[in-house]
Amino acid sequence: MFDLSTLFQGDRPVPVILDGDPGHDDAIAWVLAKASPKLDIRAVTTCAGNQTLEKTTYNARRICTLLGIDAPIAMGLHHPLFSDPITAGNIHGQSGLDGPALPEPAVPLSDLSAVELMAKVLRESEDKVVIIATGPETNVAALLLAHPELKEKIAGISVMGGGIAYGNWTAAAEFNILVDPEAAEAVFGSGLPVQMCGLDVTEKALIFPEDFQRIRAVGNQVSQIVADWLEFFYRFHREIGYAGAPVHDPCAVASLLRPELFTRQAMHVAIETQGEYCRGCTVGDTSGKLGEDNAICCMNVDRQGFADLLAEAVKFYDGREVPV
Ligand code: BDR
Ligand code: CA
């Protein structure tokens, strides 16, 4: 199975599309993506998930304004492929990004839809493009269904979603996959290289007060906002019994940049799309019973190394060159 992270170990920046539903942890994933010289962000596309599409799109434009991301931004599909939408206002708040004040959008919204913009980026790119999907995979699935001819321009997909061992929204399913299981099935069944960061790893990527205090102490505007987002996330998760804040979405970027921080295992991941109790479950199989390996799954992380990476990345935003 092709290891997507190898692409990021060279000197040439890898073209990427950021597709997500920001969301505190999506936003921090994008902070990391913009800070790294190894990524060339060609487009930002939004999906419905943590909040409605209008809200995640507004948040994406505010985040891109804050971070200086000048790639085109396009709105995705309003609804999952077959299911009714689910939102996560209980975690991310009514805005989808409650907490610190953010600048109003100073970057335009493309006239193209997310699928049209992704297709354009793929057509125009000389190099194959990596898609980093940190929300429900509705847009990515729609792209694959609408433009099968462009699959050859996609190097692979780095996904935050699922959990081999368990779920967080139901006993069996993680939020991003539960929101749109048919889309996830299209992605994992696409034949493209997939790197998956599910709850197995993201719930070990815990951030504690000493981490966000260190990030805040970097002292620039972005570091202070990231610290506030992390503190917001930490407080919510402490209330429901977590030891720290599980910083899910940045794992989908960090595992490409710094694979040595992660324990990874190739397996076949099948998506349960039926069932009263298990819809949205990601079933991992290493025995070959379900088929050939279709994903490299991150299962564990060097927590300290991950926290250090975030603390380094925010230094980029006062003009420092950072080795991320
Ligand atoms: C995922 O769900 C969302 O709330 C987060 O942004 C993350 O992508 C974790 O289950
Ligand atoms: Ca997300």
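Everything numeric here is computed off the predicted structure, so don't read it as measured data. Start at 1 and go down the list; that is how both ligands and their atoms are numbered.
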Note to self: What protein heavy atom lies closest to atom 8 (O) of ligand 1? Include the residue and the distance to one decimal.
What the structure shows: D249 OD1, 2.6 Å
Next item on the list: Kindly work out whether a path of hydrophobic side-chain contacts (I/L/V/M/F/W/Y, heavy atoms less than 4.5 Å apart) joins Y317 to W30.
Entry: yes
Note to self: Taking S83's backbone N and O only, do any of them form a donor-acceptor pair with D180's side chain (distance below 3.5 Å, no angle check)?
What the structure shows: no
Notebook entry, point to check: Angle subtended at the Ca ion (ligand 2) by OD1 of D26 and OD1 of D21, to 10 degrees?
Noted result: 80°
Next item on the list: Return the residue, atom name and 0.1 Å-rounded distance of the protein heavy atom closest to atom 4 (O) of ligand 1.
Entry: N50 OD1, 2.6 Å
Note to self: Is it the case that the side chain of E174 and the backbone of I177 share a donor-acceptor pair, with hydrogens and angles ignored and the cut-off at 3.5 Å?
What the structure shows: yes
Margin query: Quick one: does any side-chain atom of S125 pair with a main-chain N or O of V121 as donor and acceptor, under 3.5 Å?
Written below: no
Check: How are the rings of H248 and H237 set to each other: parallel, tilted or perpendicular (split at 30° and 60°)?
Finding: perpendicular
Check: Is D21 close to ligand 1, meaning an N/O of one under 3.5 Å from an N/O of the other?
Finding: no
Notebook entry, point to check: Would H24 count as a contact of ligand 1 if the rule is a heavy atom under 4.0 Å away?
Noted result: no
Note to self: Please check: side-chain N/O of K55 versus main-chain N/O of G96, any donor-acceptor pairing under 3.5 Å?
What the structure shows: no
Margin query: With a 4.0 Å cut-off on heavy atoms, is T134 in contact with ligand 1?
Written below: yes
Checklist line | the Ca ion (ligand 2) reached by N176 (N, O or S, under 3.0 Å) | finding: no
Next item on the list: Of the side chain and backbone of D26, name the one, both, or neither that has a heavy atom under 4.0 Å from an atom of ligand 1.
Entry: side chain
Check: Going by the atom numbers of ligand 1, which of them fall below 4.0 Å from some non-hydrogen atom of N176?
Finding: 1 (C), 2 (O), 7 (C), 8 (O)
Next item on the list: Report the nearest protein non-hydrogen atom to atom 10 (O) of ligand 1: residue, atom name, distance rounded to 0.1 Å.
Entry: E174 OE2, 2.4 Å
Notebook entry, point to check: Tell me, which protein residue and heavy-atom name are nearest atom 2 (O) of ligand 1, and how many Å apart are they?
Noted result: F175 CD2, 3.4 Å
Notebook entry, point to check: Pick one: which of T134, T56, T46, N59 meets side chain to side chain donor-acceptor pair (under 3.5 Å) with D26?
Noted result: T134
Item checked: N, O or S from D25 under 3.0 Å to the Ca ion (ligand 2) -> no
Item checked: Protein heavy atom at shortest distance from atom 6 (O) of ligand 1 -> D25 OD1, 2.6 Å
Check: Shared ILVMFWY cluster between W229 and L309, side chains joined below 4.5 angstrom?
Finding: yes
Check: Would you say L257 and I215 are hydrophobically clustered, going by side-chain heavy atoms of ILVMFWY under 4.5 Å?
Finding: yes
Notebook entry, point to check: What is the O(T134)-the Ca ion (ligand 2)-OD2(D249) angle, to the nearest 10 degrees?
Noted result: 90°
